[in-house]
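Contents: one structure, followed by commentary.
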Amino acid sequence: MKIAFVMDDLSVHSNGTSVTALRYADAIRSLGHEVRLVGFGAHGKDAFPVAENHIPVVSYVSDKEGFHFAKPDEAALDAAFADVDVIHLFLPFQLERHALDWAKAHGVPVTGAFHLMPESITYGADIGEAHLICDLIYQLWKDRLYNHIEHIHTISPLMKRLLEEHGYTSQIHVISNGVPDEFIADDAACFDDDLIHLVTVGRLAPEKNQIAIIEAVKKSKYADRIQLHVCGSGPMLQKLQRAAAGLVHEPRFEYLDASTLIALEQKCPLYIHASVVDSEAISVVEAFACGCVPIIGEAPLSAPSEFALLDESLFPATDAEALAARIDW
């Protein structure tokens with residue numbers, strides 16, 4: 001088959017949807033299919049890059065999150081979509097809307113994916129859950145894109161439920177993003193010091209709630225032995241660094257490439273995830289594939305608590321004292 005992936009930002013590897021799109025492309029190519037990539041920063045085999053779309057005010061917020069919108073380019077769409085069998089859209093923005101119109105006009109089947117939660121946008125804008133605004137965003141995306149697509153891929157039962165609650169009428173298919181084989185640990189590894197190494201991975205953003213993890217380390221009876229690894233980048237870095245003041249072992253804030261992150265997680269005994277908004281949290285799947293025991297925050301808009309196998313792997317996401325008790329257990 002010839003498949004076109006349309007995804008606004010393919011220039012970065014810190015955005016979960018971008019990483020997912022690139023992994024999907026590689027996996028599908030390994031099965032013998034052709035995958036064409038359309039988006040800002042598209043590169044490599046069968047890539048059709050388009051320019052960045054600068055949107056007043058909105059781009060200012062998205063830039064802080066390390067995300068770029070793509071500008072529709074009819075010539076690029078014509079070239080990328082020539083003789084494709086299906087077009088798959090990853091996000092509900094202008095580039096994808098133009099791709100949908102192209103597909104309808106040319107009789108090409110189109111499918112969609114729902115990866116981005118509106119709540120991630122409102123948290124990024126520092127207004128929290130903002131239920132009314134999120135309801136309006138769900139409505140806008142439904143009317144402009146998703147209800148014009150027969151099949152939608154989403155990545156967790158939570159996301160399927162939210163879409164159905166907001167009146168999405170397409171067929172919704174729940175399929176985990178999954179992880180590449182290189183994350184799967186095949187032997188035990190550990191640090192050769194006397195410290196307890198904890199790791200968390202994710203964008204340094206308010207909804208990821210890494211501050212609760214730092215406060216939990218302070219409350220742990222093992223605080224003087226814990227080395228926390230906070231892997232990611234984002235606008236909360238300085239605030240998190242200030243919150244960590246006073247810890248015996250200063251947390252290591254760093255953005256790691258995939259191979260280095262895998263090596264770290266295969267040596268850490270515990271993975272901590274405290275996000276209050278997450279459509280799947282592929283970082284949790286990556287961590288337990290590497291052999292980390294997960295401790296996962298429970299929140300109404302966060303899906304990864306579905307992965308927990310026992311109560312001791314769960315805590316109320318904003319309760320640092322409860323998390324400290326789980327770490328100590």
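If you read the sequence from its start, that first residue is 1, and numbering goes on from there.
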Within 6.0 Å of OH in Tyr222, more than 12 heavy atoms from elsewhere = no
query = Just checking, is any N or O donor in the side chain of Thr169 or Tyr146 under 3.5 Å from an acceptor N or O on the other one?
reply = no
query = For the hydrophobic clusters of this structure (ILVMFWY residues joined by side-chain heavy atoms under 4.5 Å, transitively), does one cluster hold both Val230 and Ile327?
reply = yes
message = Looking only at the side chains, is there a donor atom on one of Thr111 and His151 sitting less than 3.5 Å from an acceptor on the other?
response = no
message = Checking Gln139 against Asp143: is there a side-chain donor and acceptor pair closer than 3.5 Å?
response = yes
task = For Leu309, look at atom CG and say whether over 12 heavy atoms of other residues, nucleotides or ligands are found less than 6.0 Å away.
result = no
ask   = Are any non-hydrogen side-chain atoms of Leu145 and Trp141 less than 4.5 angstrom apart?
value = no
ask   = Would you say the ring centroid of His98 lies under 6.0 angstrom from that of Trp102?
value = no
ask   = Any side-chain donor paired with an acceptor under 3.5 Å for Glu280 and Ser176?
value = yes
request  = Could you tell me whether the side chain of Cys190 reaches within less than 4.5 Å of the side chain of Lys267, counting heavy atoms only?
outcome  = no
task = May I ask you to test the Phe40-Leu95 pair for a side-chain heavy-atom distance under 4.5 Å?
result = no
message = Ring-plane angle category for Tyr168 and Phe114, please: parallel below 30°, perpendicular beyond 60°, tilted otherwise.
response = perpendicular
message = Any non-hydrogen side-chain atom of Ile226 less than 4.5 Å from a side-chain atom of Leu195?
response = no
task = Compute the ring centroids of Tyr255 and Phe253, then answer whether they are less than 6.0 Å apart.
result = no
key: Cluster link Ile3 to Ile152, ILVMFWY, side chain under 4.5 Å   = yes
Side chain proximity check, Thr20 to Leu22, heavy atoms < 4.5 angstrom = no
Non-hydrogen side-chain atoms of Leu91 and Met7 separated by less than 4.5 Å = yes
query = Will you find, in the side chains of Asp8 and His68, an N or O donor that is under 3.5 Å from an N or O acceptor?
reply = no
key: Asn209 and Ser275: side chain donor to acceptor below 3.5 Å   = no
message = Between Leu323 and Leu204, is there shared hydrophobic-cluster membership here, with clusters defined by ILVMFWY side-chain heavy atoms closer than 4.5 Å?
response = yes
message = Determine whether Asp193 and Arg225 satisfy the following criterion, salt bridge (charged side-chain N to carboxylate O under 4.0 Å, His left out), listing intermediate values before the conclusion.
response = CA-CA 10 Å; Asp193 54 32; Arg225 292 181 54 205; over 6 Å; no
ask   = So, do Phe288 and Tyr271 have ring centers that fall under 6.0 Å from each other?
value = no
request  = For Arg161 and Glu306, run salt bridge (charged side-chain N to carboxylate O under 4.0 Å, His left out): C-alpha distance rounded to whole Å, both residues' side-chain angles, the deciding distance at 0.1 Å, then the answer.
outcome  = CA-CA 14 Å; Arg161 175 174 60 79; Glu306 299 164 352; over 6 Å; no
query = Is the Phe5 ring parallel, tilted or perpendicular to the Phe90 ring (thresholds 30°, 60°)?
reply = perpendicular
ask   = Between Tyr123 and Leu158, is there a shared hydrophobic cluster once you connect ILVMFWY residues whose side-chain heavy atoms come closer than 4.5 Å?
value = yes
message = Can a donor-acceptor pair be found, under 3.5 Å and without considering hydrogens, that links the side chain of Ser279 to the backbone of His115?
response = yes
query = Is a salt bridge present between Glu182 and Arg23, judged by a nitrogen-to-oxygen distance below 4.0 Å?
reply = no
key: Exceeds 12 heavy-atom contacts within 6.0 angstrom, atom CD of Gln238   = no
ask   = How about Arg326 and Ser313: do any of their side-chain heavy atoms sit closer than 4.5 Å?
value = no
inquiry  = Can you confirm whether Glu250 is buried at CD, in the sense that more than 12 heavy atoms of other residues, nucleotides or ligands lie under 6.0 Å from that atom?
reply    = no
ask   = Is there a path of hydrophobic side-chain contacts, each under 4.5 Å between heavy atoms of I, L, V, M, F, W or Y residues, that connects Ile87 with Phe48?
value = yes
remark   = In terms of heavy-atom contacts, Leu37 and Ala42 come closest through O-CB, 3.8 Å
ask   = How about Val86 and Met1: do any of their side-chain heavy atoms sit closer than 4.5 Å?
value = yes
